[in-house]
Amino acid sequence: MRSLSLAVGVSLLQLACAFPAPPWPNTTAVGDAKAGPADLNDLAKKAGKMYFGTAVDNPQLDDKQYTDIAFNKAVFGQVTPANGQKYMYTERSRGTYSFVEGDAVVDKATAAGQLLRCHALLWYQQLPNWLTTGNFDNATLITIVQEHITAEVQHYKGKCYAWDVVNEALNEDGTMRKNVFLDTIGPSYIPIAFAAAAAADPDVKLYYNDYNIENPGAKSTGAANIVKDLQARKIKVDGVGMQAHFIAGSSPSYDSQLQNMKNFIALGVEVAYTELDVRITLPNSAEKTQQQATDYANAVKACVVTEKCVGITVWDFWDPASWVPSTFKGTGDATLFSAGFEAKPAVASIAQVLQGTT
Ligand code: XIL
């Protein structure tokens with residue numbers, strides 16, 4: 001790409017601005033014949049996991065360099081549509097469903113033989129305006145939620161390994177987060193959602209998914225309480241998804257991640273890392289990049305040694321596609337591959353963990 005740009009007369013300075021040199025030693029890129037260490041899914045499966053996966057977002061589907069990696073089953077055995085299955089895209093007006101954005105990712109992943117984690121049926125963000133401003137009464141909003149979940153789960157029936165049924169329902173102290181569903185329906189919106197999903201596809205795994213539930217604490221206890229409540233009501237719940245949006249140098253310790261997973265698994269559910277990324281406070285440095293590699297590797301290792309941790313999903317694998325810079329100002333470089341698709345040290349560190357060499 002660089003030599004091609006040079007051929008059309010782009011100056012070195014312009015190139016440097018577009019793709020600044022990464023602050024880590026050059027490593028083997030995916031697509032290279034010697035790309036073995038980046039075949040993360042193959043290695044994860046050998047380590048006994050079901051998959052190593054990634055979120056994939058729609059704008060990148062036109063980028064061949066991106067899709068060659070995203071839909072390469074040796075690298076990623078599982079894909080999560082980053083946005084396309086969310087409420088605002090799937091039910092833009094009440095009762096009118098469109099699965100175009102989700103299907104664009106799902107179809108490519110299915111063709112590549114990859115598993116799908118489907119995401120997310122109920123979340124307080126990325127909701128359509130008609131829903132948030134509709135002032136619906138309790139009974140009407142219950143019907144709306146049930147119809148939405150039924151339509152979407154039926155559409156993807158047989159295609160998803162798992163659904164994130166309810167996403168981010170908790171405050172940091174483990175209490176229920178205020179949102180339109182809690183305000184109108186009350187806490188029973190969660191069992192209502194899981195029951196609707198179970199009825200629409202009895203075979204798909206149903207997950208509760210949240211962030212800051214990767215180490216023991218009030219929020220993890222809140223997530224455990226959601227699982228217990230569903231179980232007490234005899235409503236199907238199969239897993240807890242730990243998003244794992246980490247900060248290099250401030251990620252939960254390996255030991256606390258292990259203990260945390262044990263607590264969930266003791267309830268009889270499986271667990272997964274569902275949105276792993278490790279953001280860096282800019283400017284980046286070789287030390288920070290190394291710390292990031294350690295943090296990625298610790299999370300992967302904690303999952304590898306925990307039998308009922310089924311797999312790890314990174315929240316996109318390419319820095320320009322990451323949600324981090326626009327969401328957490330002053331941070332970035334959170335994914336496994338730089339803008340120029342160079343593999344960062346985290347890739348080698350994860351591969352080593354998966355190969356059992358660390
Ligand atoms: C993010 C997407 O990556 C962004 O493109 C979008 O603008 C906002 O949502 N937790 C989740 C994900 O469960 O759905 C979020 O994805 C990131 C945080």
Side-chain angles (χ1 to χ4, degrees), residues 53-63 66 70 76 78-92 99-102 104-106 109 116-129 131-132 148-149 152 156 160-172 176-177 179-181 190 193-194 197 205-214 219-220 222-223 226 239-247 251 271-279 299 311-329 331-337:
T54 184
V56 169
D57 210 355
N58 295 67
Q60 282 67 246
L61 293 181
D62 297 327
D63 183 326
Y66 179 91
F76 298 117
Q78 175 271 324
V79 164
T80 305
N83 282 297
Q85 295 177 321
K86 290 171 179 173
Y87 218 128
M88 66 181 282
Y89 298 110
T90 52
E91 195 176 351
R92 288 175 195 262
F99 300 106
V100 176
E101 280 93 344
V105 175
V106 169
L116 280 150
R117 292 197 81 265
C118 293
H119 173 84
L121 294 169
L122 276 200
W123 187 29
Y124 73 101
Q125 285 188 32
Q126 292 181 282
L127 291 170
N129 277 337
L131 194 156
T132 48
H148 175 78
I149 292 175
E152 181 151 21
Y156 288 108
C160 308
Y161 165 72
W163 264 109
D164 290 329
V165 179
V166 174
N167 194 36
E168 302 183 357
L170 294 168
N171 295 311
E172 293 307 294
M176 300 287 288
R177 183 196 286 272
N179 63 34
V180 64
F181 307 112
I190 295 181
F194 275 81
K205 301 272 184 198
L206 304 183
Y207 271 63
Y208 176 72
N209 193 55
D210 213 329
Y211 63 94
N212 288 350
I213 58 163
E214 300 83 13
K219 199 169 182 183
S220 278
I226 287 175
V240 175
M242 302 164 294
Q243 292 183 7
H245 293 295
F246 291 162
I247 304 170
S251 306
V271 294
Y273 282 94
T274 55
E275 305 185 14
L276 178 60
D277 53 20
V278 183
R279 60 186 181 267
I312 302 112
T313 309
V314 292
W315 203 245
D316 228 303
F317 61 91
W318 188 46
D319 281 342
S322 171
W323 74 306
V324 163
S326 60
T327 310
F328 306 100
K329 301 284 177 210
T331 74
D333 292 359
T335 75
L336 298 178
F337 291 87

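Whatever order the structure lists them in is the order used to number ligands and atoms, beginning at 1. When reading the values below, keep in mind they use all heavy atoms of this one structure, side chains included, and skip hydrogens, waters and symmetry mates.
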Contact table ligand 1 N or O to protein N or O, d under 3.5 Å:
residue  : atom   : partner : partner atom : Å
ligand 1 : 3 (O)  : Trp315  : NE1          : 2.9
ligand 1 : 5 (O)  : Asn83   : ND2          : 2.9
ligand 1 : 9 (O)  : Lys86   : NZ           : 3.1
ligand 1 : 9 (O)  : Gln126  : OE1          : 3.3
ligand 1 : 10 (N) : Glu168  : OE2          : 3.0
ligand 1 : 10 (N) : Gln243  : OE1          : 3.3
ligand 1 : 10 (N) : Glu275  : OE1          : 3.0
ligand 1 : 13 (O) : His119  : NE2          : 3.3
ligand 1 : 13 (O) : Asn167  : ND2          : 2.8
ligand 1 : 13 (O) : Gln243  : NE2          : 3.3
ligand 1 : 13 (O) : Glu275  : OE1          : 3.3
ligand 1 : 13 (O) : Glu275  : OE2          : 2.8
ligand 1 : 14 (O) : Lys86   : NZ           : 2.7
ligand 1 : 14 (O) : His119  : NE2          : 2.7
ligand 1 : 16 (O) : Lys86   : NZ           : 3.3
ligand 1 : 16 (O) : Trp315  : NE1          : 3.3

- Between Asp164 and the options Leu206, Asn209, Asp210, Leu122, the side chain to side chain contact (heavy atoms under 4.5 Å, CB included) test singles out Asn209

- Task: Report the distance from atom CG of Leu121 to atom CD of Glu152, rounding to the nearest 0.5 Å.
- Result: 5.5 Å

- Query: Taking only residues two or more places apart in sequence, or in another chain, which ones meet Tyr66 in a ring pair (Phe, Tyr, Trp, His ring centres under 6.0 Å)?
  - Reply: Phe317, Trp318

- Is the side chain of Asn171 donor-acceptor paired with the backbone N or O of Met176 at a distance under 3.5 Å, no angle test? yes

- Task: Check whether the side chains of Asn167 and Gln243 place a donor and an acceptor atom closer than 3.5 Å, and report yes or no.
- Result: yes

- Item | pair Val165-Tyr208: side-chain heavy atoms closer than 4.5 Å | no

